[in-house]
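One structure is given below, encoded as structure tokens.
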Amino acid sequence: MATKETQARTSRSGSPTKAVRRRRRRLLVLVATRKGAWLYHGDGRRKSWRVDGPHFLGQIINHLVLDPRDGQTLLAAAKTGHLGPTIFRSTDLGRTWREAARPPAFAKAADGSGRAVDHSFWLTPCHANEPNVWYAGTSPQGLFRSEDGGDTWEPFSSINEDPQYRAWMGTVQDGTPDGPKLHSIIVDPRDPAHLYFAMSGGGVHESHDGGQTFAPLLEGLEVVEGFDVTDPTYHDPHCVRLCPSNPDRLYQQNHCGIYRLDRPGTEWVRIGKRMPKKVGDIGFPLVVHPRDADTLWVLPMDGQTVWPRTSPEGRPAVYVTRNGGKGWRRLDKGLPERQAWWTVKRQAMCADALDPLGLYFGTTSGELWMSREEGDDWDCIARHLPEIYAVEAAEPA
Amino acid sequence: MKVLIPTPLHSYTQGPEVEAHVPTLAEVLVDLERQFPGIRFRMIDEQDRMRPHIRFFVNRRIVRELGEPLGEHDEVAIVQALSGG
């Protein structure tokens, strides 16, 4: 029989109230930085946080991801200023780490012309229908797959060595300041043979055959004026996200704006044109709502003139659309009102799955911010970290 | 021969110095990998090229070829080139 206390916390339907469900769940916010990684353990109310770190102090951690299939396995994409890249793996939430037996590496070219992985940049765990399978995207652009939980990695698909893809990838000089990257690896939750990835630069690509073949997905996208819009080389997607509640919907933040794509359609629609003109629709991260495909958060940056890549006018703000991009609302309560010149990288903004949903982002100046109310107000939960490269919110088992 | 290990690689070797008894620098690296799995890839990429910020010295002389022959009494130093803040 339920006690008075539990009755009070139980809704009329007999299921636990939202408040009770929140208290039962634990949260883990994974922060990857230019000089190590930190784990923030939160209670279900997201009121108190216990910091665990630094892990790998001094190492460049581009991405730190918890496997949602077991809630225990962490993978960290690491390198240092001197040493080559590797993947570290923990099966006990970061208490102990072991290095991958075979990190991502390109095939060796007999004539010495082959590429070398500078760093692994992006990690994607697959869904429950592919146990132990992960994908990794690297700089320079390469796509890799592990079938043993991240211990050994093999080049995946033909794109790494395909002459056409190599031409679209360009050279190291064509890429972002710290190297061209393959990122936004997306596995359709309904069909593991249906894959997407993006390259900065090199465009967005799709496979329907488990990665045997890929094709560009560029229709409707703009490129910098004067360049050939049909050539993937000139496309620079910054971040692509698929909506879990509607896997036929994708959003993309790229060098020229914010776009939406509804499948089976093939034409991207620029929804960022409805952002305030003074702010624009240039930025890096995108966050989709896990239960509402019409809701999307972005964090614009200054993409004018020499591309300062700072908060526009030094006044950072998140923007949200609740209707698939028809309108946007500024969310800046609690954020600095002036003279804040940081920005947020493409992997450094995310959401948890609680209700109301929590949002998190990490700044280039080493601050970790969160909102318990879907962006309506913001608190800084950590300062003085190294430059933040990635933030992931997860629920440990 | 003596092989001096830089601090970023001590997590593999658990110390600043190891012994090797092989005739080339390339084989030193293979021997290190055998003893300390993963260490070679941190210094040498998948195309068998030295990584940009790793340098090798034999008797205080820089060497740029992995095929460099070594004698039993040589001293090999693996050095991390500084790369800014």
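Heavy-atom basis, side chains included; hydrogens, waters and symmetry copies ignored. Residue numbers start from 1 in every chain, and the chains themselves are labelled A, B, ... in the order their sequence lines are given, proteins ahead of strands.
Taken to the nearest 0.5 Å, the NE2 atom of A:H82 stands 4.0 Å off from the CD atom of B:Q80. Note that NZ of A:K108 is 10.5 Å distant from CD of B:E46, once rounded to the nearest 0.5 Å. Expressed to the nearest 0.5 Å, how far OG1 of A:T86 lies from CD1 of B:I39 amounts to 12.0 Å.
Within the 4.5 angstrom heavy-atom criterion, no atom of A:P386 approaches chain B.
Between the side chain of B:R51 and the backbone N or O of A:D118, no donor-acceptor pair lies under 3.5 Å. A donor-acceptor pair is defined here as one N or O able to donate and one able to accept, closer than 3.5 Å; no such pair exists between the side chain of B:R42 and the backbone of A:L83.
Contacts with chain A (heavy atom to heavy atom, under 4.5 Å) involve these residues of residues 10-30 of chain B, listed by number: B:Y12.
Heavy-atom contacts from other residues, nucleotides or ligands closer than 6.0 Å to CD of B:E65 number 12 or fewer. Atom CZ of A:R98 sits in a sparse spot, with 12 or fewer heavy atoms from other residues, nucleotides or ligands closer than 6.0 Å.
By the ring pair (Phe, Tyr, Trp, His ring centres under 6.0 Å) test, B:F36 pairs with no residue at all, sequence neighbours left out.
Counting heavy atoms from C-beta on, the side chains of A:R102 and B:F41 never come closer than 4.5 Å.
Between chain B and the residues A:A109, A:A116, A:A101, the most heavy-atom pairs under 4.5 angstrom are made by A:A116.
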